[in-house]
Amino acid sequence: MIKEKILASSIQAYRDLYDQSVSIELSGIQKTKKDFEGDYTLNVFPYLKFSRKSPEETASEVGKYLLDNLDEVQKFNVIKGFLNLVISDDFWIGINEEIYTIQDYGIKKGDQTKVSEVIEFSSPNTNKPLHLGHIRNNLLGWSISELLKANGRIVKNVNLVNDRGIHICKTMLAWQKWAGGKTPKDLGIKGDKYVGDLYIRFDKEYKKEINEIKSQGLEGDEADKNSELMKEARLMLSKWEKNDPETLKIWNTMNGWVYEGFDSTYKALGIKFDKTYHESETYLLGKDLVLQGLNKGVFYKKDDGSVWCDLSDEGLDQKLLLRPDGTSVYMTQDLGTAQLRFDDYHPEKLLYVVGNEQNYHFDVLKIILNKLGKHWAKDITHISYGMVELPSGKMKSREGTVVDADDLMSEMYEASKKLTIELGKTEDIDSAEAETLFRQISLGALKYFILKVDPKKNMVFNPEESIDFNGNTGPFIQYTHARICSLLAKAGKIPNQVSKPGVISGKERSIIKLLNDFPGIIDEAGKNYSPALIANYVYELAKEYNQFYQETPVLKAKTEEQKQFRLQLSANTSKVIKSAMKLLGIEVPERM
RNA sequence: GGCCCCGUAGUUCAAUGGAUAGAAUAGAGGUUUCCUAAACCUUAGAUACAAGUUCGAUUCUUGUCGGGGCUACCA
């Protein structure tokens with residue numbers, strides 16, 4: 001608010017001083033850098049051609065104007081073309097008091113009658129347990145959803161499970177052949193892990209077979225065609241598509257194991273969905289859409305019976321939509337899924353949190369839906385995020401370098417437990433609270449580590465070093481919150497109206513400034529689908545508070561005014577930390 | 001080959017075209033009769049390279065080098 005006010009007044013200044021109407025686009029207002037005196041800084045360089053004066057002169061004249069016209073501006077200084085404005089202590093004290101009285105500070109209320117966004121994330125395959133890549137996806141999806149809600153939107157979280165296709169048949173076949181009828185319960189392992197192992201087993205046996213065939217002189221596709229295992233898998237797929245009861249029974253049973261495993265991982269991560277779609281339920285609809293398109297002449301059929309979309313008008317290639325045998329591919333299914341989802345919710349926007357390796361897929365998806373005459377194709381937004389890499393490079397399931405989601409969470413749990421006990425933090429609490437604490441801290445560390453990085457960028461995760469609880473980490477922020485809670489508990493009740501201290505310190509001022517930024521940060525993070533902005537903000541706030549805490553007595557402040565003011569400031573800080581962390585899907589403990 | 005993304009301290013991350021490029025961690029040194037030392041303070045260290053646009057470029061353009069992704073029947 002204050003920023004907008006300064007900006008508007010500066011525009012007016014150019015108007016009044018130089019008789020020039022300047023566009024708001026040129027105007028920039030930024031927080032003053034730490035090394036200079038001031039709260040906000042205006043840059044006059046873009047306006048020199050209007051003022052026809054030197055940068056220093058222009059800045060001084062505008063500064064004088066603002067000083068005369070805005071009560072909040074107490075003084076200013078000019079360095080080169082930078083106009084640094086100092087806002088009065090009274091103003092900041094007022095802001096602090098105001099924030100204290102607002103319950104859901106920074107959270108907007110919007111139109112609550114219409115679904116504005118449907119956001120898809122997670123999107124697992126039923127033949128692989130969730131891994132580190134899924135974790136980034138899930139955390140981003142969840143947090144972006146929370147961000148949009150905080151901006152007053154109605155958001156539905158949906159999952160899309162890839163539960164059909166040749167790869168699923170491979171695991172079913174592996175189970176039939178080599179599992180001896182064993183269930184996950186028999187073996188005491190999670191269902192998703194069990195099925196994942198079967199998939200790997202199939203791959204091994206298949207490679208063995210292929211090598212034998214190749215040693216007889218066949219190559220590439222020929223070898224694949226002669227593989228008995230692949231033949232059986234394809235046969236199974238076609239049986240599945242024909243609703244063969246025996247095949248469906250195995251399919252249902254094995255998928256059931258996987259879902260049980262997924263549920264437990266989601267629960268551990270704190271992720272929930274409003275609805276889960278399955279490709280087995282959407283691929284037929286996708287086929288229908290493709291056939292409709294074929295009838296309309298939007299698509300074409302090749303001699304072998306396969307159906308294609310010509311994208312050369314858009315500068316792209318041909319895209320396969322149905323195989324010669326009529327079975328569907330990923331794109332076919334996704335067309336169906338999109339249609340179903342639109343029919344279910346009629347949202348303003350359809351969001352997809354999917355890795356950037358699929359940028360091309362989503363470009364094509366939108367174009368094809370458009371060709372089919374779906375007016376809502378333009379409302380599809382692919383929230384494309386970067387890959388998680390290990391120090392050794394990309395994770396590869398075949399090389400066994402995939403970091404399993406459950407394993408990672410339990411390693412972090414053990415690490416946080418060990419450290420917490422070492423630090424003697426568990427001495428005064430019972431075991432239930434201790435366990436909650438270990439969980440909160442370990443998840444706080446993991447989630448913050450991943451979310452603080454700009455979603456668009458690839459990131460490196462080093463399992464050895466990334467499990468950290470000091471510095472720019474989730475636990476650091478959680479700790480700051482716990483410290484404040486402890487302080488507030490000792491202080492007792494704080495009145496809403498406190499007597500004002502008159503003068504505030506630099507640290508106090510910069511904390512209030514940060515608190516004042518919170519609503520704007522929520523807005524920006526929502527617009528950019530970027531939880532990283534929240535993460536970096538809340539870290540900055542916690543760091544600033546810790547410095548304040550170190551150098552400033554609160555309960556033992558010299559005057560009662562100071563004490564009450566600082567308590568309010570502390571309460572506001574903990575409120576914003578808690579709220580910001582919730583947007584990241586991170587809980588904050590009251591003691592740690 | 002074609003298209004797209006990315007190169008910032010040893011490492012992991014920041015920086016609407018603006019001031020002396022910020023943090024954290026690892027390194028070196030320090031802080032506890034005082035509200036939680038998972039904290040705080042001090043110190044050293046980086047824009048891959050070369051041109052261009054601009055009053056001003058880590059940011060925009062082009063080229064070189066390096067890394068990653070996609071590219072007609074995996075999802």
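Quantities reported herein were computed from a predicted structural model and do not represent experimental measurements. Each chain gets a letter, A, B and so on, in the order its sequence line appears, and its residues count up from 1.
- Shown here for A:Ser570 and A:Tyr545, the closest heavy-atom pair between the two residues is OG-OH, 2.8 Å.
- Here A:Ala482 lies in heavy-atom contact (under 4.0 Å) with a base.
- In this structure, CZ of A:Arg591 is placed 20 Å from P of B:rA39, rounded to the nearest angstrom.
- Remark: P of B:rA37 and CD of A:Glu551 are 15 Å apart, rounded to the nearest angstrom.
- Looking at A:Thr420, its side chain comes within 3.5 Å of the base of B:rA38 through a donor and an acceptor atom.
- Nucleotide B:rG66 forms a pair with B:rC6, judged by Watson-Crick or G-U wobble geometry with both contacts under 3.5 Å.
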Item to check | Heavy-atom protein contacts under 4.0 Å, nucleotides 68-74 of chain B, coded B base, S sugar-phosphate only, - none | outcome: -SSSBBS

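- Comparing B:rC40, B:rU25, B:rU20 by their nearest atom to the side chain of A:Gln547 picks out B:rC40.
- As a whole-Å value, the separation of A:Asn470 CG from B:rA37 P is 13 Å.
- A:Thr41 comes within contact range of at least one nucleobase, with a heavy-atom separation under 4.0 Å.
- A:Asn84 comes within 4.0 angstrom of a base, heavy atoms only.
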Atom pairs under 3.5 Å, N or O on each side, protein against nucleotides 55-57 of chain B: can you list them with distances?
none

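- Nearest nucleotide to the A:Tyr549 side chain, out of B:rU25, B:rA23, B:rA37: B:rA37.
- Residue pairs meeting the side chain to side chain donor-acceptor pair (under 3.5 Å) criterion with at least one partner in residues 526-538 of chain A, sequence neighbours excluded, are A:Asp523-A:Lys527.
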